[in-house]
Amino acid sequence: MDYLAIERKWKKKWEEERLDSFDTKRADEKKYVLEMFSYPSGANLHLGHWYNFGLTDVYARLLRMQGFEVFHPMGFDAFGLPAENYAIKTGIHPKDSTEKNIATMERQLKDMGASFDWDYEIKTCDPAYYKWTQWLFLQLYKHGLAEEKLAPVNWCPSCNTVIANEQVVDGCCERCGAVVERREMRQWFLKITNYAEELLSGLDKLDWPEKTKTMQRNWIGKSYGGTVTFDLEKGGSFDVFTTRADTLFGCSYVVLAPEHPLVAKIVTPDCRKAVEEYKAQATRRSEIDRTSAVKEKTGVFTGAYAVNPINGRKVPVWVADYVLATYGTGAVMAVPAHDARDYEFATKFGLPIERVVESADGSADELPFVQYGRCVNSGFADGMATEDAKHAILARLAGLGKGGEKITYRLRDWSVSRQRYWGAPIPMIHCPHCGVVPVPEEDLPVRLPYDVDFRPKGTSPLGANEEYMNCKCPKCGGDARRDPDTLDTFVCSSWYYLRYPNAKNDKAAFDTEWTDKLLPVDVYVGGAEHACMHLLYSRFVTKALRDMGYLHFDEPFLRLVHQGVILGPDGKRMSKTRGNIINPDDYVSVYGSDVFRMYLCFAFSYTEGGPFQSDGIPAIAKYLDRVERICGKAFGGRGKPPADKAKAAELEYAVNYAAKCCGADISAFSFNTAVARLMELTNAMYKYDDADEVLHSAALTLIKLMAPVTPHICEELWERAGEKGSVLRAPYPVADEGKLVRSLVEVPVQLLGRLKGTVTIAPDASEDEARAAALALLGISDVKKFIYKPGRIINVIA
RNA sequence: GCCCGAAUGGCGGAAUGGCAGACGCGACGGACUUAAAAUCCGUUUGUGGAAACACAGUGUCGGUUCGACCCCGACUUCGGGCACCA
């Protein structure tokens, strides 16, 4: 078959007929199918795009044949760091490179034969889009969900700029190699933690992969524990958070994070130098590094002492970087006998280690003993089980006004300020008189100026553009300055699924009634690497907008599917340095998009991915030629009754089995098994070999079953068959269950769990019948136990 | 380090706790052909055996079960994420 010519022919026809456009009048039967939109980084679509978009399109096309009105838009997540880095390197403006990349990708996406409705396209770098990203930020601000606070950033002292985590390699700047420091800067945060509880509980009702839900649960990290207030010997106090209040009697020192504001206040003169040095050193370590259990613990004594509220004991206050300022209260009570990190630390620095928990059976296991047990050396709590002691001790503290029960989340607020050029400007104004003032909504968008020196020089790129920075305060009219930062691109992508149905709306970010109708997204498909960030941010934004009354659903994505990663032929992740990058165009230009799509369907388990091996592509082309040949033969069989009824029934069984499986498999994103069933049906047709009406009907069913996978080719075969209209709008075949009932089945017979043979009996044969057949096969008569699952298994225990 | 996955023939992969290896690639054999290609048909987990058949077999070790690729525990290796790549 001339795949390329066939594709050209049908693409043209579909475009003329606007076959893929979304019919808004049929919105009641809508299915919103969405792929994570693409980042226009390289110039060409890569294999991952094909795998995500091409195969999700198979699913979208199935839904259309099943009678749904599918909303399937496409767009670009166009702001971001790579374009800016590219600009710094080459001098090509991010807007220019991005627009060029988008133009290329749009053309390739159209060539892909995917059924996107381009009328709803969005680009996040378009002012018509980011106007509403800024609007979103303002709504969050107005509802108390955006606030400014100090937070650490990676600072390269040599490049004189903030750099991304990704650009930090072994603690050094990837560009210049200088040691990266952490610096505190004022930044905007979105208060996602306000929604921690609902983000956690809402997971239960989502049709998402269990592993993704688990990852989000762990990311949110709810933990039940308590706070304990330690008074300082010289006045003042601080709280620690602990999940093991039962061990409080064994607390022999306390530790503050180096960034803890109290450190500077309490440190004694003789310790100040060491503490300052330690703090400076801590700014050069990453969190992953700091919390690593294998790296040696470091820390210094502050010279200060605090009082353990449960027993009045004086304990030293240390500073150590294994305590993070961002989790809990930034301070921990150390119980070396029952915590591995504290144990290691105490051993190193000669701090007391005192057992306060022993095993429930009273045995004294080795320290550190981190399991639950019962309290010893713990005053009133002696003998209590861990769980009871936690509550009892926290209750006692509550009575003293020194703490109590507390739930903490690991989830942190979302930092959205970026000291970068290529992003949506933050629509806030800093006025010397009025303080922080939001840009009035009618003044949106705050346009990103084109002429900006985006090379690193110590400030945000926009901060050096006086024309941009200087503005009037909307409140007092006086001279004021804009916020020089741009928004994290995750803000842009946290709401784009709401914008698609409203892509052309210039009055609002989205129309509430229309959005309530089209959303939530029914199926969302994208990489598992987004499990905790993008997917959590989107859920947060949806819930926040719901609480503001802008929409009336709780979750943006009802069902989620992750595609796997396609590796290079060497089984390694594709990368330029490895030189193992596969360019889909090399194959698509030879075999066409249908063959390539079917190859991608068949060669991988969709959610697992795996190594690319090109052998499979000609194999698919051969298979499709095989389909063409048998269909050509079958089309001549129209109206000819079958000569052999039993043989015809076998083919009809195969037809109905394929019909039963294909739709279900595609719905489950099990594309490889769907294609396997198509191949089985094709094999059955070859075996049948009589050009009669049974073969003719089988061919028509095969074409319809296959149409979502190879739409152009099936459209061509459908036309050759003399059928009217587009096969892509023909109803997807449904199995006739009656044709799938068999009067006899082979049932495996096991003796003591080992397979000995099969017996052919009715699928609903009684236990006595099955027993008789099995014993005859085995040639035995004594049976201790007989296990029989009709139609499935017989196991004889003799 | 922490969180989450994955591991099945020569290869890609398939299997609601019930005949492991569907479907395909590759390989081998046959038919057709002067020949080749293409096509059609067949064989193909390993070991032993002429065969019937027997034994072994789903990363490693252990457990639960009449029965385990599947459930549980420990481990090994590989992959994703770890909050400023998206």
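Worth saying up front: this structure is predicted, and the values here are computed from it rather than measured. Convention: sequence-line order gives letters A, B, ...; per-chain numbering from 1.
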message = One character per nucleotide, please: for nucleotides 72-86 of chain B, 5' to 3', B when the base has a protein heavy atom closer than 4.0 Å, S when only the sugar-phosphate does, - otherwise.
response = --------BSBBBBB
ask   = Can you give the dot-bracket line for RNA chain B, using ( ) for pairs inside the strand, [ ] for pairs that cross earlier ones, | for pairs with another strand and . for unpaired bases, where Watson-Crick and G-U count if both distances are under 3.5 Å?
value = (((((((..(((.....[....)))((((((.......))))))((((....))))..(((((..]....))))))))))))....
query = Is the phosphate of A14(B), meaning OP1 or OP2, less than 4.0 Å from a side-chain N or O of Ser605(A)?
reply =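 Answer is yes, contact under 4.0 Å.
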inquiry  = Tell me whether the side-chain N/O atoms of Arg754(A) come closer than 4.0 Å to OP1 or OP2 in A56(B).
reply    =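 So the side chain of Arg754(A) is within the cut-off, an N or O lying under 4.0 Å from OP1 or OP2 of A56(B).
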When the [atom1] atoms of [M] and [N] are compared, how many Å lie between them, rounded to an integer?
| N | M | atom1 | result |
| --- | --- | --- | --- |
| U65(B) | G59(B) | C1' | 23 Å |
| A27(B) | G17(B) | C1' | 35 Å |
| A83(B) | C66(B) | P | 48 Å |
| C4(B) | C75(B) | P | 14 Å |
| C28(B) | G10(B) | C1' | 13 Å |
| A20(B) | U58(B) | C1' | 7 Å |

Holding to salt bridge (Lys or Arg N to Asp or Glu O under 4.0 Å), I want the full list of residues that pass it with [X], two or more places apart in sequence or in another chain.
| X | answer |
| --- | --- |
| Asp690(A) | Lys647(A) |
| Glu650(A) | Arg742(A) |
| Asp689(A) | Lys633(A) |
| Asp665(A) | none |

Hey, what are the protein-to-nucleotides 20-25 of chain B N/O distances that come in under 3.5 Å?
unit_1 : atom_1 : unit_2    : atom_2 : d
A22(B) : O2'    : Glu680(A) : OE2    : 2.9
A22(B) : N3     : Arg677(A) : NH2    : 3.4
G24(B) : OP1    : Asn683(A) : ND2    : 2.9

key: By side chain to side chain donor-acceptor pair (under 3.5 Å) - contacts of Asp207(A) (at least two apart)   = none
request  = Assign Lys211(A) to base, sugar-phosphate, or nothing according to its heavy-atom contacts below 4.0 angstrom with the strands shown.
outcome  = sugar-phosphate
key: Sugar-phosphate, base or nothing in reach of Gly527(A), heavy atoms under 4.0 Å   =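 The answer is nothing, as Gly527(A) stays clear of every strand by at least 4.0 Å.
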message = Could you check whether any side-chain N or O of Tyr129(A) sits under 3.5 Å from a backbone N or O of Cys492(A), counting only pairs where one atom can act as donor and the other as acceptor?
response =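 Yes: the side chain of Tyr129(A) pairs with the backbone of Cys492(A).
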Nucleotide [N], atom [atom2] - distance to [atom1] of [X] in whole Å:
| X | N | atom1 | atom2 | answer |
| --- | --- | --- | --- | --- |
| Glu210(A) | C3(B) | CD | P | 18 Å |
| Ile220(A) | C4(B) | CD1 | P | 14 Å |
| Phe604(A) | U8(B) | CZ | P | 16 Å |

For a quick test of your reading: what N or O donor-acceptor pairs under 3.5 Å do the side chains of residues 600-608 of chain A make, sequence neighbours left out?
unit_1    : atom_1 : unit_2   : atom_2 : d
Tyr606(A) : OH     : Tyr51(A) : O      : 3.2

inquiry  = Applying side-chain contact (heavy atoms from CB on, under 4.5 Å), can you list everything that pairs with Arg412(A), at least two apart in sequence or on another chain?
reply    = Glu287(A), Thr326(A)
Pairs under 3.5 angstrom only: tabulate donor-acceptor contacts from the side chains of residues 788-798 of chain A to other protein residues two or more places apart or in another chain.
unit_1    : atom_1 : unit_2    : atom_2 : d
Tyr788(A) : OH     : Ala765(A) : O      : 2.8
Asn795(A) : OD1    : Gly753(A) : N      : 3.0

query = With no hydrogens and no angle check, do the side chains of Thr133(A) and Trp495(A) hold a donor and an acceptor under 3.5 Å apart?
reply =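 Thr133(A) vs Trp495(A): donor-acceptor pair found between side chains.
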query = Does anything in residues 614-626 of chain A pair up under salt bridge (Lys or Arg N to Asp or Glu O under 4.0 Å), and if so which pairs, sequence neighbours excluded?
reply =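 For residues 614-626 of chain A, and leaving out neighbouring residues, there are no salt bridge (Lys or Arg N to Asp or Glu O under 4.0 Å) pairs at all.
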request  = Answer yes when Arg418(A) and Asp488(A) have at least one side-chain N-carboxylate O distance shorter than 4.0 Å, and no when they do not.
outcome  =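 Between Asp488(A) and Arg418(A) there is a salt bridge, with a charged N closer than 4.0 Å to a carboxylate O.
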